[in-house]
Amino acid sequence: GSDVMRTIDRVVQTFAEQELRTGVERYRAERGSILVMNPKTGAILAMATYPTFDPNSYYAVRDARVQTNPIVSDSFEPGSILKPAVMAAAIDSALVTPDSTFVDSGPINVSRFKINTFDGKHLGVQTMTQALEQSNNIGMVHVAQKLGAERMYDYLRRFGLGERTGVELEGETQTNLKEPQKWNEATLATTGFGQGIVVTPMQALDTINAIANGGVLTQPHIVQTIKSASGEEKETVPASIRQVISPKTAETVSAMMVSVIENGVATLARVPGYYLAGKTGTAQVADDEGKYSKEKKIITFVGFGPVPDPE
C-alpha cells in the first residue's frame, strides 16, 4: 500500500518523448531511446523509448520487445561514446595530455585487422583533443596501446562497466567485461574506440556522468520517495560510489568534450548561450553469423552541460 514518487521531471519527460518520436520517424529507425540524468545525484529526470505502448492496453501489444526497457535490458557495443572514458584513463595515468600528438598517415594493421578512420580521411599529426574532435579511431588505438590491457580494464571497472548499476528497475542486464589476461592485441585496440565491449544505455550515461561530476561515479536512481500507508516517508539519499578519476582529469576531459561540439563532429549539439560537452558514437551491429552487419548501425550521443556546472 505504499506510494512511490519518482525522480522523473514531467516537463523533461514530455520533451524527451516528443523529440524521440520525431527523430525515430524522420530517420526511419527501428527504435530509439533517450535517458536524462542529473550527474551530481544520479536522479533520472527522463527515460523514454519509442515505439512504446499504452500500459492500460498492454494486452494489445503485438511485439513483446516493446514491453521491455532497452535502457537497462539491452546491451550494445558503444562505439565512440566510450572514447572520453578511455581518454580520461590515459590522462589520469599521466600517459598523455590534451596536446600530446600522434601521427595518422593512413589505416593501421593490428593483428589480422585493418583499422581505419570512420570517414577514411587521414590528417597527419594530430593532438589528443583533435582525436576526440574528429572521433579518430587510429588516435584511440594509440591511447589504448599506451594504457595497456590491465590499466584499461582497471579504469573501465572503476567507471562501472562489467557490473549492474543497481538502479531500481526490473530486468537490468548484467554485462561482462573480459579479464585483461583474456585480451589480445586486437581486443586492446578495438576497446580503445568502443568495439568488442558491451554496455547498456544506463551504464553508458553513468560512465559519462562520472566525467561530468568531477570524476565521481554516482548511483542512478528513479525512486525519489516511498510513502507508507501510515504516512512514514523514506527519501532516497544520493549515493557516490567511488572516485574514478581526479577532479583535474574530469575538468580536462570535459573541456575536450566541449571542443567536440564547438570544433568537431558534434556541431549539431550546439545550443546558443551554453557550453556543452558531448561525444557522438556509431557502433556496428553483429548479425546472426557473428559478423558485423553492413546495413545496421547504432547511432548514439552522450553529453552534459552547462559546463563547468552540469545539471
Side-chain angles (χ1 to χ4, degrees), residues 77-110 113-149 151-152 155-156 159 161 185-197 204 207-208 210-212 215 244-246 248-270 275-284 299-304 307:
E77 295 188 40
S80 296
I81 61 170
L82 190 67
K83 289 175 180 175
V86 176
M87 186 67 75
I91 290 174
D92 203 59
S93 302
L95 296 171
V96 299
T97 71
D99 296 321
S100 298
T101 59
F102 67 98
V103 180
D104 175 14
S105 56
I108 58 172
N109 293 309
V110 176
F113 300 100
K114 180 181 282 188
I115 295 174
N116 204 349
T117 56
F118 78 92
D119 58 3
K121 295 178 181 177
H122 302 280
L123 304 172
V125 178
Q126 296 282 285
T127 65
M128 292 295 104
T129 298
Q130 288 171 322
L132 286 187
E133 285 176 358
Q134 301 305 319
S135 203
N136 191 306
N137 293 340
I138 292 169
M140 294 310 300
V141 171
H142 172 81
V143 172
Q145 290 172 340
K146 277 188 168 292
L147 275 167
R151 200 191 308 248
M152 188 190 287
Y155 271 96
L156 292 179
F159 273 114
L161 303 187
E185 189 183 8
T187 305
L188 176 63
T190 59
T191 302
F193 53 87
Q195 294 281 172
I197 178 175
T207 295
I208 298 301
I211 298 171
V244 180
I245 52 177
S246 72
K248 179 63 176 174
T249 298
E251 182 183 345
T252 300
V253 177
S254 293
M256 295 168 79
M257 292 175 70
V258 169
S259 195
V260 173
I261 291 179
E262 293 298 313
N263 307 306
V265 294
T267 54
L268 286 174
R270 287 178 184 161
Y275 280 118
L276 303 177
K279 184 70 194 77
T280 53
T282 304
Q284 294 172 289
I299 310 300
T300 323
F301 178 81
V302 290
F304 54 87
V307 175

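The model shown is predicted, which means the values in this text are computed figures rather than measured ones. Each residue takes its place number in the sequence, starting with 1.
In this structure, a donor-acceptor pair under 3.5 Å is absent between the side chains of Asp104 and His142. Side-chain polar atoms of Lys83 and Asn136 form no donor-acceptor pair below 3.5 angstrom. Using a 3.5 Å distance cut-off with no hydrogens or angles, the side chains of Thr300 and Lys279 do not pair a donor with an acceptor.
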Checklist entry - Can Val86 and Leu147 be said to form a side-chain contact (heavy atoms from CB on, under 4.5 Å), step by step? => result CA-CA 9 Å; Val86 176; Leu147 275 167; 3.9 Å; yes
Checklist entry - How far apart are the C-alpha atoms of Met128 and Leu132, what are their side-chain angles, what is the distance that settles it, and do they pass the side-chain contact (heavy atoms from CB on, under 4.5 Å) test? => result CA-CA 7 Å; Met128 292 295 104; Leu132 286 187; over 6 Å; no
Checklist entry - For Leu82 and Leu161, what are the C-alpha separation, side-chain angles and deciding distance, and is it a side-chain contact (heavy atoms from CB on, under 4.5 Å)? => result CA-CA 11 Å; Leu82 190 67; Leu161 303 187; 3.8 Å; yes
Next on the checklist: Does Leu188 form a side-chain contact (heavy atoms from CB on, under 4.5 Å) with Val141? I'd like the steps, not just the answer.
Outcome noted: CA-CA 8 Å; Leu188 176 63; Val141 171; over 6 Å; no
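Inter-residue side-chain proximity for Ile138 and Thr117 is flagged as met; some heavy-atom pair is nearer than 4.5 Å. Looking at Thr101 and Gln130, their side chains never come closer than 4.5 Å, going by heavy atoms from C-beta outward. Side-chain contact between Phe118 and Thr282: absent, with no pair of heavy atoms (C-beta onward) separated by less than 4.5 Å.
To the nearest 0.5 Å, atoms CE (Met256) and CE (Met87) are separated by 4.5 Å. Atom CG of Asn137 and atom OG1 of Thr190 lie 10.0 Å apart (nearest 0.5 Å). Distance OG1/Thr97 to CG/Asp99: 5.0 Å, rounded to 0.5 Å. Atom-to-atom distance recorded for Ser80:OG and Ile299:CD1 is 10.0 Å, nearest 0.5 angstrom.
In this structure, Thr249 contributes its side chain and Ile245 its backbone to no donor-acceptor pair below 3.5 Å. Side chain of Glu77 to main chain of Gly196: a donor-acceptor pair is present (N/O by atom type, distance under 3.5 Å, no hydrogens or angles). A donor-acceptor pair is defined here as one N or O able to donate and one able to accept, closer than 3.5 Å; no such pair exists between the side chain of Lys114 and the backbone of Pro107.
Listed by chain and residue number, nothing satisfies the side-chain hydrogen bond (donor to acceptor under 3.5 Å, both in side chains) test with Gln134 (two or more places apart in sequence, or in another chain).
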What pairs of donor and acceptor atoms, side-chain ones from residues 260-270 against any protein atom, are under 3.5 angstrom apart with sequence neighbours left out?
unit_1	atom_1	unit_2	atom_2	d
Asn263	ND2	Ser259	OG	3.0
Arg270	NE	Ile261	O	3.4
Arg270	NH2	Glu262	O	2.4

